[in-house]
Amino acid sequence: FPYTTLFRSYKAIVDKTTMNTLCIVRNNSHIIQNKTVYEEIKNLEKYNIKKTMLLRNGIVMVVEVTEKEPRLIELFPKDDLEPVAYVMNVYDKSRGLSVLGGGFRLVCTNQLTALERSKRMNVDAYGTSQFGGELGELIEQGMNAWIDTIDFIKEANEKVFSVKDVVQKHSFLPKKHIEKIVGNLHDQESLYNIWNEYTKTITHDIYAVATNHEPIMQMQKRANKILYYEPELTVKED
């Protein structure tokens, strides 16, 4: 686990097992070690740790958290979502300690991130009895993020557009995956169906074979923007 080495107004975050420098931060940066975050999550009675990932050579830790007594959120009939949360601890302070809501659609096991922004934790709570409680509250908020967006998702299921128009605006995936998405859909589809094809592709075709999982969440967040799609307005000249 990292420790700090002081040098002028900066300090190095070093992996003690390899002696590799992970990043350089200011002396006043409050670093919460991954071990501390992991143990605090482990001590929360309501949750299980499903998976832990170290990304960017140890700079980022992502802990996937599920409920010990899973509940299902109904998106549509026979289309349920099991809430999860992603606790992220970042040593270079670009994000710090934060929690992002997520979920799995059980009908197709698509992995999703919630439409809300990740919630940052107040690092001043570190080293106090409030730390675990605040972390538990953020995890709960992340898992509940879907409840407030169900109506929005149902509206997206009623908005039908040209698949090619939507894909042209959201062509951030490799070309072979975009072509597969278009091939799996009709010419006109609801935003929900298009979003679902993107998330299915990210989960099953990209995540399943990825050696670097860091871009996956960014892809999921970009896919969420499909639900906000509006066609380009054209102005006719007189």
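Every value quoted in this text rests on a predicted model; they were computed, and no experiment measured them. Numbers here simply count residues along the sequence, with the first being 1.
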* Asked: Taking atom types as modelled, is there a side-chain donor on D187 or S162 under 3.5 Å from an acceptor on the other?
  ->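 There is no such pair between these side chains.
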For [X] against [Y], the heavy-atom pair lying closest together:
X    : Y    : value
I49  : K42  : CD1-N, 4.0 Å
V99  : L138 : CG1-O, 3.6 Å
H170 : I178 : O-CD1, 4.0 Å
E40  : G132 : OE1-CA, 3.5 Å
T199 : Q111 : CB-O, 4.4 Å
G136 : L44  : CA-CD1, 3.9 Å

Are [Y] and [X] linked, directly or through intermediate hydrophobic residues, by side-chain heavy-atom contacts shorter than 4.5 Å (ILVMFWY only)?
X    : Y    : result
F172 : I194 : yes
I147 : L112 : yes
L191 : F152 : yes
I139 : L72  : no
V107 : L227 : no

* Less than 4.0 Å between a side-chain N and a carboxylate O, is that true for E67 and R71? ->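 Here R71 pairs with E67 in a salt bridge, since their nearest N and O are under 4.0 Å apart.
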* Are D80 and R105 ion-paired here, with the side-chain N under 4.0 Å from a carboxylate O? ->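 Salt bridge flag = no for R105 with D80.
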Enter the distance from [X]:[atom1] to [Y]:[atom2] here, rounded to the nearest 0.5 Å.
X    : Y    : atom1 : atom2 : result
T36  : L135 : OG1   : CG    : 11.5 Å
N89  : L97  : CG    : CG    : 5.0 Å
E189 : F161 : CD    : CZ    : 13.0 Å
I153 : L115 : CD1   : CG    : 5.5 Å

Quick one: does [X]'s side chain get under 4.5 Å of [Y]'s, heavy atoms only?
X    : Y    : answer
V65  : K50  : no
V163 : N193 : no
K180 : D205 : yes
V87  : Y38  : no
L54  : V60  : no
Y47  : K68  : no
T52  : V62  : no
N34  : V63  : no

When you measure from the side chain of [X] to the backbone N and O of [Y], does any donor-acceptor pair fall under 3.5 Å?
X    : Y    : result
T109 : L106 : no
Y198 : R222 : no
E69  : K46  : no
N224 : T113 : yes
W146 : G102 : yes
N110 : N196 : yes
K119 : Q141 : no
H204 : C108 : yes
T203 : K200 : no

* To do: Give the C-alpha distance, both sets of side-chain angles, the deciding distance and a yes or no for side chain to side chain contact (heavy atoms under 4.5 Å, CB included) between K154 and E158.
  => CA-CA 7 Å; K154 289 182 177 180; E158 298 174 356; 5.6 Å; no
* To do: Check ring pair (Phe, Tyr, Trp, His ring centres under 6.0 Å) between Y192 and all other residues, then give those that pass, not counting sequence neighbours.
  =>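 Partners of Y192 by the ring pair (Phe, Tyr, Trp, His ring centres under 6.0 Å) criterion, ordered by chain and then number, come out as F76, W195.
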* Under the side-chain hydrogen bond (donor to acceptor under 3.5 Å, both in side chains) rule, collect the residues that match up with N184, sequence neighbours excluded. =>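 Here the qualifying residues are E197.
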* To do: Starting from the C-alpha separation in whole Å, work towards a yes-or-no answer on side chain to side chain contact (heavy atoms under 4.5 Å, CB included) for I32 and Y91.
  => CA-CA 8 Å; I32 303 177; Y91 284 138; over 6 Å; no
* Asked: Is it true that atom CD of Q168 has more than 12 heavy atoms of other residues, nucleotides or ligands lying nearer than 6.0 Å?
  ->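 Result for CD/Q168: open.
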* Please indicate whether K175 has more than 12 foreign heavy atoms, meaning atoms of other residues, nucleotides or ligands, lying under 6.0 Å from its NZ. =>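 Check fails, neighbour count at 12 or below.
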* L100 and M88: side chain to side chain contact (heavy atoms under 4.5 Å, CB included), yes or no, with the steps? -> CA-CA 8 Å; L100 177 66; M88 292 165 283; 3.4 Å; yes
* To do: Please report the C-alpha distance between F104 and L81 in whole Å, then the side-chain angles of each, then the deciding distance to 0.1 Å, and finally whether the side chain to side chain contact (heavy atoms under 4.5 Å, CB included) criterion is met.
  => CA-CA 5 Å; F104 285 97; L81 177 139; over 6 Å; no
* Asked: Partners of K169 by side chain to side chain contact (heavy atoms under 4.5 Å, CB included), sequence neighbours excluded?
  ->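 So K169 forms a side chain to side chain contact (heavy atoms under 4.5 Å, CB included) with Y229, E232.
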